[in-house]
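Written out below as structure tokens is the structure these notes cover.
Everything numeric here is computed off the predicted structure, so don't read it as measured data.
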Amino acid sequence: MRSWRDLLWIPTFTVLVVLAVPWPLWGVDRVLAGFPVWIWWHVAWLGLCAALFARFVQSGAWERVMGLDPDARGDL
Amino acid sequence: MTVGLSLGIVVGYLLFALAVGLVAYRVSESTAEDYYLASRSIGTVVLLFTTFATLLSAFTFFGGPNLAFAAGPEWLIVMGTLDGVLFAVLWYGIGYKQWLIGERHGYVTLGEMLGDRFGSVGLRALVAGVSLLWLFPYVMLQQMGAGEALVGLTGGTVPYWGGAALVTVFMILYVVLAGMRGVAWTDTVQGLFMLSVVWIAAIWVVSAVGGIGAATGAMVEARPEFGSFGGGVYTPGFIISTAITIAFGVTMFPQINQRFFVAESDVVLKRSFALWPVLVLLLFLPAFMLGAWAVGMPVEVPEGANVLPVVLAEYTPTWFAALVVAGAMAAMMSSSDSMLLSGSSYFTRDVYRPLVGTASERREAWVARVGVAVFATLAFVASLFRPGTLIEVGDTAFSGFALLALPVICALYWDRTTRTGMVVGVAVPQAVYLLVVLSSVIPFVPTLPATLAGGWDVALGLMVLSAVLTVGVSLVTTPTADGDASRFAVAGD
């Protein structure tokens, strides 16, 4: 069954891709704990991506949208 | 003495890697087959690292640190975004779908899949031809990187062409001796080795200069603009178009695209996908920061040399610096090798077989090997002209591949796509881009601009064109009788 909640992944992925570049910190030159602060943003963001990617995989949303049975496929 | 030691270590390591590849191939023949058939247990690691191996190239080890050294550490953001996030998303959008289709029909190459769907040998050959075309500058990039690395390591005693020639010889030897399938897990071993070594190198250098804070402080003191995000070459246009063209380009890379077909189960694809951003960051962070920190270090980078070996030569013992360079060259060699192998399967399956006719297996293997040797040698000759920086040459190759991506996505997801739409959508942007690229390397032709105001890449516009043409032409043409949209269905029977 397709669910509208599955489609929420589309804006989620869009935000993940767009803000992997620390646009709000454009021109900021603060150094925090040894690295420019925008590098920390990026490092944290990729960590967030990995976590949400794992979540997406477990949700079975992609299989449902493709018309496949998520339970017939393997989980993580 | 020092130069002799460095060279000895580099050549010794390359020979060692060759021997390992050879033994691995001979010993693991059945295991490799097993991997292609069923073995889920090694699937994730091998898929993850053979994909990762594409990153273990001159583009990452030498080009990236060079750019960070010249223009600032923002390159980490560009590469992290495109590879860690955008490519990962495409991995699902293109890779998983391709895997499902390939699982049903047993496709091995992208051209084969599209050719079968649209009932067109011409399209199949076109896609393979385009892929081989852009593989050329990427192989060339490895040779350039190796040449520059040895100049840096030996302080110019070994000339540029010597390093490039060395890696070419080993590339050909690797393919001809280690053969068709044995490379995948030597990629894995080399990937783990390089990942560890880059971290050891970073820790070593950073502790020698007094810690991360001191390294960043010296960097910002020497080049204040390095500390702030953006500026210089890093315009929004550059960041966005580089990230998009490279990420889409990577998915159409023969050896990456082929991995989408060979994953043993969907679990493998899923696990690799979730681990990907972290793995990417682990490699890029130390490699690119070393390049950026180097501006604050008292090192002299000779003209035409790579910054990473110079920094290592300054702060780490000679044997370690040589080991890193050797490891990087070996990793580059083994990933070039997978590229050449995938390329040769494109050539034999999609160009030679349909156009010349099916030959015996022996003859085909022979054609593939000679093809690889000729291809690598021509790339070596072209690398001697050094038509651009490592990043420029790499970016050209990625952009060329990227122009394939949107028509392929269109074919995967839109049943109404027609053969004519595909042919036009692939051929026209390719022809235009080829013209742009050639005009910059042929001296007597006026150079067409490769970027427009604010660093926007022409290839990005051509990607849009490829999508518009594929959709537009498909709408005004009717599907041919030979085409079969149901070939790409993944649900039902």
Side-chain angles (χ1 to χ4, degrees), chain A residues 2 6 9-76, chain B residues 40 72-74 76-78 80-82 84-86 88-89 91-93 96-97 100 206 211-217 219-220 224-231 236 239-240 243-244 247 265-271 273-282 284-285 289 292 489-492:
Chain A
R2 293 186 190 190
D6 292 340
W9 283 105
I10 296 173
T12 307
F13 279 128
T14 311
V15 172
L16 283 182
V17 171
V18 171
L19 287 183
V21 179
W23 298 113
L25 297 177
W26 191 265
V28 171
D29 61 356
R30 255 193 83 192
V31 173
L32 194 78
F35 284 105
V37 65
W38 44 272
I39 287 186
W40 285 117
W41 168 300
H42 188 66
V43 170
W45 199 263
L46 288 195
L48 176 71
C49 285
L52 285 177
F53 285 178
R55 196 71 200 264
F56 169 73
V57 163
Q58 280 163 351
S59 77
W62 197 85
E63 282 82 0
R64 275 191 296 275
V65 172
M66 287 292 109
L68 298 166
D69 177 11
D71 298 328
R73 302 249 150 220
D75 288 326
L76 265 183
Chain B
R40 280 160 191 259
E74 285 92 334
L76 173 66
I77 306 291
V78 177
T81 302
L82 75 90
V85 191
L86 191 50
V89 173
W91 179 316
Y92 239 75
Y96 198 168
K97 176 99 188 198
L100 287 166
V206 163
I212 294 177
T216 304
M219 172 187 89
V220 175
E225 74 277 16
F226 274 29
S228 80
F229 181 52
I239 293 174
I240 294 171
I244 293 181
S265 74
D266 58 320
V267 180
V268 169
L269 279 170
K270 290 173 178 175
R271 273 203 201 121
F273 166 73
L275 290 171
W276 188 251
V278 173
L279 190 61
V280 161
L281 195 63
L282 281 176
F284 289 162
L285 187 70
M289 283 316 292
V490 292

W38(A) and P73(B), any side-chain heavy atoms less than 4.5 Å apart: yes

Contact class of E225(B) relative to chain A, heavy atoms under 4.5 angstrom: neither

Gap between atom CD of E63(A) and atom NZ of K270(B) - 0.5 Å precision: 4.0 Å

Part of L82(B) within contact of chain A (heavy atom distance under 4.5 Å): neither

Option in I39(A), V31(A), L52(A) with maximal non-hydrogen atom pairs under 4.5 Å from chain B: I39(A)

Selection from V78(B), T216(B), L86(B) maximising heavy-atom pairs under 4.5 Å formed with chain A: T216(B)

V278(B) versus A50(A), closest heavy-atom pair with distance: CG2-CB, 3.6 Å

Aromatic plane relationship, W62(A) with Y92(B) - under 30° parallel, 30 to 60° tilted, over 60° perpendicular: perpendicular

Interface moiety of V37(A) toward chain B, non-hydrogen atoms closer than 4.5 Å: neither

Close side-chain approach of W23(A) and P236(B), heavy atoms under 4.5 Å: yes

Closest contact, heavy atoms only, P36(A) versus G227(B): CB-O, 3.7 Å

Closest non-hydrogen atom pair between C49(A) and P277(B), with its separation: CB-CG, 4.2 Å

Spatial distance of atom CH2 (W276(B)) from atom CG (L46(A)) [nearest 0.5 Å]: 12.0 Å

Audit row: I77(B), W41(A), side-chain contact (heavy atoms from CB on, under 4.5 Å) steps and yes/no: CA-CA 10 Å; I77(B) 306 291; W41(A) 168 300; over 6 Å; no

Note, T81(B) side chain near H42(A) side chain (heavy atom, < 4.5 Å): yes

From CZ (F273(B)) to CZ (F53(A)), nearest 0.5 Å: 4.5 Å

Sorted by number, residues from residues 10-19 of chain A in contact with chain B (heavy atoms, under 4.5 Å): F13(A), L16(A), V17(A)

